[in-house]
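Read the structure below first, then the notes.
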Amino acid sequence: MDIRMNMFNNNKILVVIPAKGVSKGIPRKYVRLLNNKPLIYYAINIAKSSQYVDDVVVTTDDSEIASISEKFGVSVIRRSKELSGEDIPLDAVVFNAMVQKEKSAFDEYDIVITMLPTSPLLKTQTLDNAIEKFDDFSLESVISVVEDKQLFWGYDDDNKIYFPKYIERCNRKDLPSSFRETGAIIATRRGFINEISCIGENIDVIELSDEEAITVDDFKDWWVVETILQRKRIGIVVNANNEIGTRRIDNCLAFASKLVSHEFLFILDEKHKLGQNLVEKFGFNFKIYNGHDAIYNILEEFAPQIIINDVSDTTEEYMSDLKEKGYFVANFDVGVGSNLADVVFDSLYEHDLSDTNVYTGQKFHILKDEFYFQPHKVITQDVDNILIMVDGNDPKHLSEKFLEAILSTTYEMKINIIVGRGYENIEQFISNYESNPLVQIYQNVPNVSDFMFKADILVTSASKIMYDACALGVPTICVYQNDLETSHVFANSANGILNLGDVESLTKQEFVNQFLELVNNHDLRLNMHNKMKSIDLQHGYENICAVVTEEYRKFAMNK
């Protein structure tokens, strides 16, 4: 017998886990694999991991449950037929297991704990906290409960009416405290255990979190618990300010909004207030850092399994440190230090790369949520609305150059311009065109998809804005505003994009000619629209998750 030297106040403690072979709701549930382990494993592991528990025994009428339990290192009491019936109370089963265990040990226990094996999310620390309550020598029992404040109703069978079980209707937070027993823990001093009761009279409770209190009774509960067990902690390192723009943090916010099954934390540079404001606006958890050492401190405290970087300065030193600390690292965008990442995603850069850890192309683009529920653009004969939108802060002021070129043509309908937060001299730009009723200039627009859907033609740079336009089927003219964008090969006619090449070598007249051709050619615009519709941009999140799941599985096996 494993008698531990750090037992609680010299009390010998026994945990009894009752598990019948026949189970309602989920057939054979105690031996079914829950996240690759039998359900009964979790109760055994919780009890064996306690710093106070001396012995753990499973009482069962089932040979398979008995065999599995013994493999996990606990003793087993085989129930007699008399204790295996449908109507046998739990108290008699626990009492019998305790007595038999004491006979084999030639000793008595001081505290006996009944743990139903249907609470796999119970924490060992919670079990230990329940045991520590017996520091009060007058206490006879501790039971696990969960707060359950509700406006409860009862039913009167005699009068066939429903009636309230509350005194006054009020908000939930103002209701009196009410607790529901969970069955995860029933701890009682030895003297109060008998065949008809496992609970004394002087009782305290140990309150469980909502998660710990989940009881696996049916397949819905099973699904919820398995989802929680498979949940990962994910740290997202990303920033945004007026200089670098918001594209990176928009990407991570779109990704995080779909991470409903996982726990994540944004890790943001304290100097970049814009990023903090955006994350706070969305209601996501974040912590700020000042220097890489502070990042490591946050990561150590949060203990993520996965780290996502979406920054332009992932140095080799920083990446080396992350890998030395044992993290699985996923980077968005190919850059310095990315060769050390476990996986790298870049939805724009589609060159043939020899690095096996790099995944590129539009199938890894994550649309912002607002683009998922916008319908496709309807291509009409007339062009009544032009949208100009250049990625980033438009340092070359292409927005104004495009606008001037369009105004020099015969086009006389609406022109909307959207610029980034860091656009230089925005006041002067607006002032220059405030007298023109056709022109409207916007900055920091939250609902870009609405503007894009209304546009008959989009004029932009060869950036991720192309994907947004493609998702809605908006005919698009694009240019390369810098050398990096020349690698964005999605910008081609096969994808419905009219690419005018490097803006430095593009004349105003060339732009005007191509613009007017698109305005006046309905068939061309319809053809571009149909090509865009054939491209699947709805499953970038799923494609990324599939890669990360598989690569993380390999990582975990080799760790």
Do Phe192 and Ile199 make a side-chain contact, defined as non-hydrogen atoms from C-beta onward lying under 4.5 Å apart?
no
Are any side-chain N or O atoms of Asn159 and backbone N or O atoms of Ile161, one a donor and one an acceptor, separated by less than 3.5 Å?
no
Which distance, rounded to the nearest 0.5 Å, do you find between the NZ of Lys48 and the CG of Asn45?
8.0 Å
Are the side chains of Lys363 and His539 in touch, meaning some heavy atoms are under 4.5 Å apart?
no
Heavy-atom closest pair, residues Ser338 and Val344
O-CG2, 3.4 Å
Under a 3.5 Å threshold, yes or no: a donor from one side chain and an acceptor from the other, between Thr60 and Lys20?
no
In terms of heavy-atom contacts, does CD of Glu317 have more than 12 from other residues, nucleotides or ligands at under 6.0 Å?
no
Nearest 0.5 angstrom please: Ile193 CD1 to Ile186 CD1, how far?
9.0 Å
Taking the six-membered ring where the residue is Trp, are the ring centres of Tyr541 and Phe255 under 6.0 Å apart?
yes
Any side-chain heavy-atom pair from Leu90 and Pro18 closer than 4.5 angstrom?
yes
Spacing of Leu39 atom CG and Leu33 atom CG [to the nearest 0.5 Å]
10.5 Å
N/O donor-acceptor pair under 3.5 Å between Lys149 side chain and Leu175 backbone:
yes
Once you round to the nearest 0.5 Å, how far does CD1 of Ile68 lie from OG of Ser63?
11.0 Å
Distance only, no hydrogens: is a donor on one side chain within 3.5 Å (strictly under) of an acceptor on the other, for Thr188 and Glu140?
no
Classify the angle between the aromatic ring planes of Tyr552 and Phe555 as parallel (below 30°), tilted (30 to 60°) or perpendicular (above 60°).
tilted
Working to the nearest 0.5 angstrom, can you tell me the gap between Phe264 CZ and Cys252 SG?
10.5 Å
Cut-off 3.5 Å, no hydrogens considered: what does the side-chain donor-acceptor table look like for residues 295-307, sequence neighbours left out?
{"residue": "Tyr296", "atom": "OH", "partner": "Asp321", "partner atom": "OD2", "Å": "2.9"}
{"residue": "Asn297", "atom": "ND2", "partner": "Asp293", "partner atom": "O", "Å": "3.4"}
{"residue": "Glu301", "atom": "OE1", "partner": "Lys287", "partner atom": "NZ", "Å": "3.4"}
{"residue": "Glu301", "atom": "OE2", "partner": "Lys287", "partner atom": "NZ", "Å": "3.0"}
{"residue": "Gln305", "atom": "OE1", "partner": "Arg233", "partner atom": "N", "Å": "2.6"}

Answer with yes or no whether the side chains of Ser261 and Arg231 bring together a donor and an acceptor at under 3.5 Å.
no
Would you call Val548 and Phe345 a side-chain contact if the rule is heavy atoms closer than 4.5 Å?
yes
Side-chain contact test, heavy atoms from C-beta onward, threshold under 4.5 Å: evaluate it for Glu280 versus Leu278 and give yes or no.
no
What distance do Glu211 atom CD and Ile228 atom CD1 have between them, rounded to the nearest 0.5 Å?
4.5 Å
How about Phe163: does its CZ atom have over 12 heavy atoms from other parts shown lying under 6.0 Å from it?
yes
Checking Lys12 against Tyr109: charged group under 6.0 Å from the ring centre and within 45 degrees of the axis?
yes
Going by heavy atoms in the side chains, are Ile113 and Ile131 under 4.5 Å from each other?
yes
For the residue pair Tyr155 and Tyr162, does the interplanar ring angle fall in the parallel (under 30°), tilted (30 to 60°) or perpendicular (over 60°) class?
tilted
Is there a side-chain contact between Asn96 and Arg79, using heavy atoms and a 4.5 Å cut-off?
no
Please check if any side-chain donor atom of Ser178 sits under 3.5 Å from a side-chain acceptor atom of Asp148, or the reverse.
no
Is it true that the side chains of Ser197 and Asp91 contain a donor and an acceptor less than 3.5 Å apart?
no
With sequence neighbours left out, the residues meeting ring pair (Phe, Tyr, Trp, His ring centres under 6.0 Å) with Phe371 are none
Phe286 ring center near Phe266 ring center (under 6.0 Å)
no
For Ser144 and Thr182, does a side-chain donor sit closer than 3.5 Å to a side-chain acceptor?
yes
Heavy atoms from other residues, nucleotides or ligands near CD1 of Ile167 exceed 12 (cutoff 6.0 Å)
no
Does NZ or CZ of Lys325 fall inside the cone over Tyr327's six-membered ring, less than 6.0 Å from its centre and within 45° of the axis?
no
Minimal non-hydrogen separation, Met98 against Leu14, with atom names:
CA-CD2, 4.0 Å
Would a line drawn from the ring center of Phe332 to the ring center of Phe364 be shorter than 6.0 Å?
no
From the options Leu348, Asp536, Leu537, select the one residue that forms a side-chain contact (heavy atoms from CB on, under 4.5 Å) with Gln362.
Leu537
With Val205, which of Val145, Val142, Val146 fulfils side-chain contact (heavy atoms from CB on, under 4.5 Å)?
Val145
Can you tell if the side chain of Val343 reaches within under 4.5 Å of the side chain of Phe328, non-hydrogen atoms only?
yes
So, Ser138 and Asp136: side-chain donor and acceptor under 3.5 Å apart, yes or no?
yes
Where the side chain of Ser49 meets the backbone of Ile46, is there a donor-acceptor pair that is under 3.5 Å apart?
no
Answer yes if the side chains of Asn239 and Asp269 hold a donor-acceptor pair under 3.5 Å, and no otherwise.
no
Look at the side chain of Asn9 and the backbone N and O of Asn11, then say whether any donor-acceptor pair between them is shorter than 3.5 Å.
no
Hey, are Tyr52 and Glu132 close enough side-chain-wise for a donor-acceptor pair under 3.5 Å?
yes
